[in-house]
Every structure is written in structure tokens, then in C-alpha cells.
Amino acid sequence: MRVVSLVPSLTEAVAVTLPDALAGATDWCTHPAGLDVARVGGTKNPDVPAIVALRPDLVVANEEENREPDLAALRAAGIEVLVTEVRQLPQAVRELDRVLRACGARSRPRWLDEAEAAWSELAPPERRSTAVIPIWRRPWMVVGRDTFAGDLLARLGVDNAYADHAERYPRIPHEELDAVEKDLVVLPDEPYRFTADDGPEAFMAPSALVSGRHLTWYGPSLKEAPKVLRHQLGERCE
């Protein structure tokens, strides 16, 4: 089995579980460290001819991260494409199991069982808070309705101020973001790399800098994500 992954979190999942199966990955696939496979461009602009040249048996993709025209071009070249949809944690677990079995796994890997257990065994949050969750700056974009990141935060006791917005990743003027009722601003380090010097200063409310990989990736990082995110949410930048 030869697999090309166009999604960083799926790349990590396949590489950890079936390292010999992975033939190619995007330039944004940074985990596991030292991954040595052919690079095929970005998630939004993959090099289709380069992927075809690798002669994969399967390309794994995601309906949010990858563009349909690119996937259609791969199918037209005779390549099987498996497209995932991940909006909530249980769906992520099911899709990861589906992808890995399609890539040749005979059973669910131990890390996936451990990740599911880590989230199911979470103690109920002592209190709930409301947060704005920016993912980009210039223009400001935030997490809106029906998102994986929003679902994970809700499980940790952090409710998304824009969970009922009509769009999944709306552009919101900064003035509104700063004025909307909230207890916290959650600033991940991807896709925009918010840092202590780039993000917290834009808001009156306390901010928490968190790992984008643990907030948005559905893969082996899910196993440690509850602990990592709870710790980071507790370290607010005043």
C-alpha cells in the first residue's frame, strides 16, 4: 500500500501507525519529527502531477482542508481519494479508524484507543467560560459554528462566543471582537502564529496562548491534548 496524505494530522496518524505505507505528504506535514517522504506542495495547492508520479494506491484528504478541484483531478488520473469530514471528537475517532483501515491497518491502533479514553475520562469542568477564538489576523477571522476546535474547547468548559454564527470561520471586525461578551480570548499558534507579542495586546479580555496542533489536529496529538490544553488555558496572558 502506497499512501499520500494531504492533511497534516492524517499524515501523522498514518506515519505513526503504518510508517511504511506513507509515500508522500504536504509541505505543512511537520509531524512526526524527521518525517522523510516526498513533499507534494500545500494543502490548498498540492502538486497533482507530482502526486500522480508517486503512483499512490490511496490519497487521504479532508473536505475542509483540501479543495475539490484538486481531488477531482486526482480521481480523473485514476487515483482513489478518501475524503474525511471532522466536526466533532467522536467523528474524528471514527474517521481516523476508517482512514487507517483503508491504509492497511488490521485493527485500531493503541494510540487511538488511548486518545478516546483521555477525552472520555475528563472530569467535568469546575466552571464554564465564554471565549472568542481567532484563527487569523489582518483580517480577523474566528472559529464559528460546527468546528472541531469548538467542540474540543466545549469539552474543556470553554464555550465559543460565535458558536451560533451562520459561518464556520467568519470574518469579524476587531471592534466587535473586543466588545463582544466573553471571559477569554483563545489564541492558537496555527494557522496564524499568535504569540505573546502578537495577539493578546489587541484585546481587553485575558488571553490564553494554546497549541494549534493540540486544538485542531485529529491524530496522535489527541492523546495528550486534554492535558496540554487545560494547562495552557490556565496560563492566561493578562
(message) Are Leu74 and Val83 connected into the same hydrophobic cluster when the rule is that any two of I, L, V, M, F, W, Y join if their side-chain heavy atoms are below 4.5 Å apart?
(response) yes
(message) Tell me whether the count of non-hydrogen atoms from other residues, nucleotides or ligands lying under 6.0 Å of NZ in Lys227 goes above 12.
(response) no
(message) How long is the straight-line distance from SG of Cys103 back to CG of Leu82, given to the nearest 0.5 Å?
(response) 7.5 Å
(message) To the closest 0.5 Å, what do you measure between CG (Leu215) and CG (Leu233)?
(response) 8.5 Å
(request) Could you tell me whether the side chain of Lys44 and the main chain of Arg67 form a donor-acceptor pair under 3.5 Å? (result) no
(message) Is there a salt bridge (Lys or Arg N to Asp or Glu O under 4.0 Å) between Asp113 and Arg108? Walk through the geometry before answering.
(response) CA-CA 7 Å; Asp113 291 333; Arg108 273 180 39 156; 2.6 Å; yes
(request) Kindly determine whether Asp189 and Thr195 satisfy side chain to side chain contact (heavy atoms under 4.5 Å, CB included), including the steps that lead there. (result) CA-CA 7 Å; Asp189 61 8; Thr195 68; over 6 Å; no
(message) Side-chain heavy atoms nearer than 4.5 Å, only ILVMFWY residues, links allowed to pass through others: does that put Val59 and Leu10 together?
(response) no
(message) Looking at Arg75, I'd like to know if its CZ atom is crowded, meaning that more than 12 non-hydrogen atoms belonging to other residues, nucleotides or ligands lie closer than 6.0 Å.
(response) yes
(request) Taking all non-hydrogen atoms of both residues into account, name the closest pair between His214 and Leu229 and its distance. (result) O-CD1, 3.6 Å
(message) Could you check whether atom CZ of Arg101 has more than 12 heavy atoms from other residues, nucleotides or ligands sitting under 6.0 Å from it?
(response) yes
(message) If we ignore hydrogens and angles and just use 3.5 Å, is the side chain of Arg193 paired with the main-chain N or O of Asp198 as donor and acceptor?
(response) no
(request) With rounding to the nearest 0.5 Å, note down the distance linking OG1 in Thr17 to CH2 in Trp111. (result) 5.0 Å
(request) Please name the pair of heavy atoms, one in Thr84 and one in Arg98, separated by the smallest distance, quoted to 0.1 Å. (result) CA-NH2, 4.0 Å
(request) Look at the side-chain heavy atoms of Ile, Leu, Val, Met, Phe, Trp and Tyr, link any pair under 4.5 Å apart, and say whether Val16 and Trp28 land in one connected group. (result) no
(request) State yes or no: do Leu100 and Val4 share one hydrophobic cluster built from I, L, V, M, F, W and Y residues joined by side-chain heavy-atom distances below 4.5 Å, directly or via other members? (result) no
(message) Which heavy atom of Ala77 sits nearest to which heavy atom of Val52, and what is that distance?
(response) CB-CG2, 3.8 Å
(message) Quick one, Thr147 with Thr216, criterion side chain to side chain contact (heavy atoms under 4.5 Å, CB included). Give me CA distance, side-chain angles, the key distance, then yes/no.
(response) CA-CA 9 Å; Thr147 66; Thr216 64; over 6 Å; no
(message) A side-chain contact here means heavy atoms from C-beta on lying under 4.5 Å apart; do Ile135 and Val143 qualify?
(response) yes
(request) Taking only Lys NZ, Arg NE, NH1 and NH2, and the carboxylate oxygens of Asp or Glu, determine whether Arg145 and Asp164 approach each other closer than 4.0 Å. (result) no
(request) Apply the test side chain to side chain contact (heavy atoms under 4.5 Å, CB included) to residues Ile172 and Tyr162: give CA-CA distance (whole Å), side-chain angles for both, the deciding distance (0.1 Å), then the verdict. (result) CA-CA 10 Å; Ile172 308 292; Tyr162 288 92; 3.5 Å; yes
(request) Please identify each residue that fulfils side-chain contact (heavy atoms from CB on, under 4.5 Å) with Gln91, with sequence neighbours left out. (result) Glu85, Arg87, Arg94, Glu95
(request) Please name all residues satisfying salt bridge (charged side-chain N to carboxylate O under 4.0 Å, His left out) with Arg110, sequence neighbours left out, ordered by chain then number. (result) Glu114
(message) Within the 4.5 Å heavy-atom criterion, are Trp140 and Glu175 side-chain neighbours or not?
(response) no
(message) What I want to find out is whether Glu80 reaches Arg2 closely enough, with some N-O distance under 4.0 Å, to be called a salt bridge.
(response) no
(message) Ignoring hydrogens, what is the shortest heavy-atom contact between Asp27 and Gly42? Give both atom names and the distance.
(response) OD2-N, 4.3 Å
(request) Determine whether Leu184 and Ser207 make a side-chain contact, defined as any pair of heavy atoms from C-beta on separated by less than 4.5 Å. (result) no
(request) Let me know which of Val158, Leu156, Leu153 forms a side-chain contact (heavy atoms from CB on, under 4.5 Å) with Ser129. (result) Val158
(request) Determine whether Ile133 and Val186 make a side-chain contact, defined as any pair of heavy atoms from C-beta on separated by less than 4.5 Å. (result) yes
(message) Donor-acceptor pair, distance only, cut-off 3.5 Å: does the side chain of Asn66 make one with the backbone of Leu71?
(response) no
(message) Counting C-beta onward and ignoring hydrogens, is there a side-chain heavy-atom pair between Leu209 and Gln232 closer than 4.5 Å?
(response) no
(request) Report the distance from atom OG of Ser211 to atom NE2 of His231, rounding to the nearest 0.5 Å. (result) 12.0 Å
(message) Under a 3.5 Å distance rule, please check whether Glu65 uses its side chain to pair with a backbone N or O of Thr43 as donor and acceptor.
(response) no
(request) Taking atom types as modelled, find out whether Trp217 and Glu190 have a side-chain donor-acceptor pair closer than 3.5 angstrom. (result) yes
(request) Might you work through the salt bridge (Lys or Arg N to Asp or Glu O under 4.0 Å) test for Glu12 and Arg213, ending with a clear yes or no? (result) CA-CA 11 Å; Glu12 184 177 17; Arg213 175 169 168 260; 2.6 Å; yes
(request) Can you measure from CG (Asp70) to CG (Asn45) and round to the nearest 0.5 angstrom? (result) 8.0 Å
(request) To the nearest 0.5 Å, tell me how far Asp159 CG sits from Arg128 CZ. (result) 4.0 Å
(request) Heavy atoms only: give me the nearest Val7-Ser5 pair and the separation to one decimal. (result) O-OG, 3.0 Å
(request) Can you see which heavy atom on Pro46 is nearest to which on Ile51, and at what distance? (result) CB-CD1, 4.0 Å
(request) Give the ring-plane orientation class for Phe203 versus His174, where under 30° counts as parallel, over 60° as perpendicular and anything between as tilted. (result) tilted
(message) Checking side-chain polar atoms at under 3.5 Å, does Tyr218 have a donor or acceptor matched by the opposite partner on Gln88?
(response) no
(message) If hydrophobic clusters are built from ILVMFWY residues whose side chains come within less than 4.5 Å, do Leu222 and Val86 share one?
(response) yes
(message) Taking CZ in Arg171 as the centre, count heavy atoms belonging to other residues, nucleotides or ligands within less than 6.0 Å. Is the count above 12?
(response) no
(request) Report yes if some heavy atom in the side chain of His31 is under 4.5 Å from a heavy atom in the side chain of Leu35; otherwise report no. (result) no
(request) Starting from the C-alpha separation in whole Å, work towards a yes-or-no answer on side chain to side chain contact (heavy atoms under 4.5 Å, CB included) for Val132 and Leu177. (result) CA-CA 7 Å; Val132 167; Leu177 291 181; 3.8 Å; yes
(request) Could you tell me whether a side-chain N or O of Lys182 sits under 3.5 Å from a main-chain N or O of Asp178, the two making a donor and an acceptor? (result) yes
(request) Look at the rings of Trp136 and Tyr192 and say which category their plane angle falls in: under 30° parallel, 30 to 60° tilted, over 60° perpendicular. (result) perpendicular
(message) Could you check whether atom CD of Glu181 has more than 12 heavy atoms from other residues, nucleotides or ligands sitting under 6.0 Å from it?
(response) no
